[in-house]
Number of protein chains: 2
Amino acid sequence: MLDERKAAILRAVVEEYIATAEPVGSATVARASELAVSPATIRNEMAGLERDGYLTHPHTSAGRIPTDKGYRFFVDNMAPTGNLQPGQRAAVRDFFNRAHGALEQMLHDTSQLLSGLTDYAAVVVGPPHEAATIRSVHLVGLAPKVALLVAVLSNGVVEKRAVELADDVTETRIAAASSHLAQHLTGSALGSLVAPPSIGDVVTDGVVGAAFGGLASGDHSDETDHVFVGGASRMAAAFDTVESVRHVLATLEQQFVVVTLLRDVLDRGLSVAIGAETGLEPLAECSVVVAPYEVEGELAGTIGVLGPTRMNYPQALAAVAVVSQRLGRHLTEG
Amino acid sequence: MLDERKAAILRAVVEEYIATAEPVGSATVARASELAVSPATIRNEMAGLERDGYLTHPHTSAGRIPTDKGYRFFVDNMAPTGNLQPGQRAAVRDFFNRAHGALEQMLHDTSQLLSGLTDYAAVVVGPPHEAATIRSVHLVGLAPKVALLVAVLSNGVVEKRAVELADDVTETRIAAASSHLAQHLTGSALGSLVAPPSIGDVVTDGVVGAAFGGLASGDHSDETDHVFVGGASRMAAAFDTVESVRHVLATLEQQFVVVTLLRDVLDRGLSVAIGAETGLEPLAECSVVVAPYEVEGELAGTIGVLGPTRMNYPQALAAVAVVSQRLGRHLTEG
DNA sequence: ATTAGCACTCAAGTGTACCGAGTGCTAACG
DNA sequence: CGTTAGCACTCGGTACACTTGAGTGCTAAT
């Protein structure tokens with residue numbers, strides 16, 4: 001553990017570097033920190049911090065910049081749990097008061113909100129579907145050989161699956177299958193479906209089977225369906241080479257990877273992953289701040305912010321905390 | 001109009017610049033073009049081309065690069081309507097044979113495909129909803145004061161709208177409203193809906209009205225709902241400053257702008273918009289290649305590719321043409 | 001009309017010198 | 001003994017001069 005003064009110096013370096021993106025030298029620290037000591041003393045201490053792996057040196061005659069470990073210490077031991085600026089607080093409140101309807105739109109807009117608050121990219125992962133129960137199921141014929149299964153879930157999500165039909169299934173058979181499905185599936189959780197019993201008619205049974213299979217099998221692809229990434233362009237500004245931007249963008253485009261990342265971080269009991277801690281090569285220069293949100297007391301989903309390792313952690317933590325909380329409350333009530 | 005030789009030289013410059021991204025000089029053109037003339041002659045001609053606005057000069061001792069006008073001429077008069085590479089042809093065929101079900105998933109995947117073919121960003125705009133007819137409508141109660149209206153359209157799209165209810169509308173009233181809506185709206189086009197007649201019960205009528213209002217009013221936001229942008233990270237590689245990338249990204253994130261852009265270009269009867277022709281400031285360094293696709297003979301939607309002005313037009317045109325055609329055919333059949 | 005020849009331009013690369021920010025070390029200080 | 005002033009040292013950045021070479025535009029010869 002670091003002694004009092006080393007910690008203060010580290011904090012000063014981190015805060016300064018976050019603000020300016022330039023290596024910070026002993027003089028700057030002496031000025032910025034509350035410590036009434038000379039730059040020389042600061043230098044000695046910084047040498048120690050470097051030996052212990054909290055700081056680095058781009059080159060001999062430059063100031064210090066934090067390492068991942070340095071950021072980690074900063075976040076764990078002294079992130080001031082910043083508050084949002086009053087204007088931002090108001091923006092969040094406004095946003096959630098102007099309650100929009102559909103869940104998916106809501107999550108999408110939330111990712112925009114969060115990105116706007118932080119000026120980084122924001123990710124919002126919707127509630128998993130397995131837990132939700134089915135409120136209604138309908139099978140609708142579309143074309144001669146294809147029908148669409150539409151299920152409305154208790155959380156407001158609408159799941160749809162195309163169902164391939166054998167040749168010339170009549171409208172009435174589809175209707176029969178539809179009501180049979182509705183009768184047996186309504187009320188059960190998507191994660192634990194049991195196949196409806198046979199109805200006697202072999203054609204209808206086939207339709208029911210196909211439709212049911214679509215619903216049950218689709219589960220694994222669920223996660224992919226409701227991830228919303230907002231403001232990717234904002235985080236571009238935080239990097240200085242096109243290559244870095246491309247790597248990060250490419251990663252953000254893989255929804256599955258993003259979802260996994262957030263879940264991983266949460267599973268490890270963290271709320272921040274810094275640089276290599278993300279476990280993803282292309283995100284080596286990035287940090288992620290995550291928070292779960294709860295609906296009706298149950299863990300429902302995750303939100304997160306992705307920015308450069310030198311992101312404004314206090315601000316990002318505050319934004320994520322506030323938004324996750326309000327989002328959860330909003331979804332619980334509405 | 002350009003004489004034979006000038007055209008050949010312009011073509012050589014454009015093709016070379018597209019390939020190398022470096023200003024091309026008279027010697028290179030003399031080597032690359034079929035013309036059996038000396039660099040000096042080429043120089044004279046290039047000076048003419050520059051005077052006429054087809055080429056520019058980054059600086060005195062550099063080669064020439066095409067202007068927007070130069071690209072325009074190239075595209076209009078001699079884009080070789082390139083063919084896809086055999087491997088890519090096969091990839092497209094494979095893609096459309098492995099027909100996935102739901103329309104939206106399909107469009108999303110198509111944007112990925114197109115982006116993969118061209119290595120630029122791809123945009124796919126789905127069919128407008130107004131033309132589609134309603135195949136089925138259901139109103140599903142979600143929470144005490146909120147229900148969800150779900151409409152399945154003939155093109156396979158599922159529209160959903162949250163409907164706010166007055167206090168304590170009973171399940172049976174919702175059911176009544178649902179079947180009343182189904183009875184009167186099924187079969188009509190989303191663009192020309194007429195309000196269902198009163199049913200006698202004032203509460204139920206209220207629910208019906210609210211639901212109907214949601215459907216009818218939502219039209220304008222339709223376009224936003226089904227634009228799919230794929231491979232934005234790919235086009236990052238084509239630019240050399242982070243700023244450029246950010247501008248383009250930010251534009252691509254505004255779905256409405258993207259849709260409008262594609263429609264505008266098509267409305268002007270173009271299939272390519274180059275640089276300033278896009279009409280969008282942040283896309284000054286970009287070109288867009290678009291094509292409509294038809295479902296059952298009717299114009300249904302648009303696809304497009306967005307890349308740098310020095311994009312590989314023949315390739316992009318070929319890719320867009322093939323994909324739009326196969327997409328249309330696929331949607332018509334399936 | 002074409003082209004060889006040539007003077008000219010200018011970006012990019014190279015070497016040198018210098019500045020200055022910042023360090024690490026040492027010796028003095030309280 | 002911790003702190004600090006002083007100082008030599010390091011090294012990236014900038015400025016400048018110089019060279020190189022790609023490429024042009026013009027002119028005069030073919």
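By convention in this document, chain letters (A, B, ...) are assigned in the order of the sequence lines, proteins followed by strands, and residues within each chain are numbered from 1.
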- Which of these nucleotides, D/dA22, C/dG24, D/dG12, is closest to any side-chain atom of A/Ala47? C/dG24
- Measure from CD on B/Glu50 to P on D/dG25 and round the result to the nearest Å. 7 Å
- Task: Test side-chain contact (heavy atoms from CB on, under 4.5 Å) on B/Met311 and B/Val289 and set out the steps.
- Result: CA-CA 10 Å; B/Met311 78 160 61; B/Val289 175; 3.7 Å; yes
- Message: On DNA chain C, compare the nucleotides closest to A/Ala27 and B/Arg5; which residue's is nearer the 5' end?
- Response: B/Arg5
- Message: Output the rounded distance in Å from CZ (B/Arg51) to P (D/dC26).
- Response: 9 Å
- Message: Can you work out whether B/Asn44 or A/Arg43 has the more 5'-proximal nearest nucleotide on DNA chain D?
- Response: A/Arg43
- Looking only at side-chain N and O atoms, does A/Ser26 come under 4.0 Å of OP1 or OP2 in C/dT23? yes
- Item | Side-chain N,O (A/Arg64) to OP1/OP2 (C/dA21) below 4.0 Å | no
- Do A/Lys69 and A/Tyr54 touch side chain to side chain, with heavy atoms closer than 4.5 Å? yes
- In whole angstrom, what separates B/Leu55's CG from D/dT24's C1'? 13 Å
- Sugar-phosphate, base or nothing in reach of B/Ala62, heavy atoms under 4.0 Å: sugar-phosphate
- Message: Expressed as a whole number of angstroms, how long is the span from A/Ile42:CD1 to C/dG24:C1'?
- Response: 15 Å
- To the nearest angstrom, the CZ-P distance between B/Arg31 and D/dA22 comes to 11 Å
- Taking atom C1' of C/dT2 as reference, at what distance in whole Å does atom CD1 of B/Ile9 sit? 13 Å
- Most 5' of B/Val37 and A/Thr28 on DNA chain C, judged by nearest nucleotide: B/Val37
- Task: For residues A/Arg234 and A/Ser115, report the shortest heavy-atom separation together with the two atoms involved.
- Result: NH1-OG, 2.6 Å
- Classify the ring geometry between A/Tyr71 and A/Tyr313 as parallel (under 30°), tilted (30 to 60°) or perpendicular (over 60°). tilted
- Side-chain donor or acceptor of B/Thr60 under 3.5 Å from a matching atom on the base of C/dC10? no
- Note on the structure: Closest to the side chain of B/Ser38, out of C/dT3, C/dT23, C/dC10, is C/dT3
- Could you grab the distance from atom CD of B/Glu50 to atom NE2 of B/His57, nearest 0.5 Å is fine? 5.5 Å
- Protein-nucleotide distance (B/Tyr17, atom OH; D/dG23, atom C1'), rounded to Å: 16 Å
- Query: To the side chain of B/Thr41, which of D/dC11, C/dT2, D/dT3 is closest?
  - Reply: C/dT2
- Note on the structure: B/Glu16 atom CD is separated from D/dA22 atom C1', nearest whole Å, by 15 Å
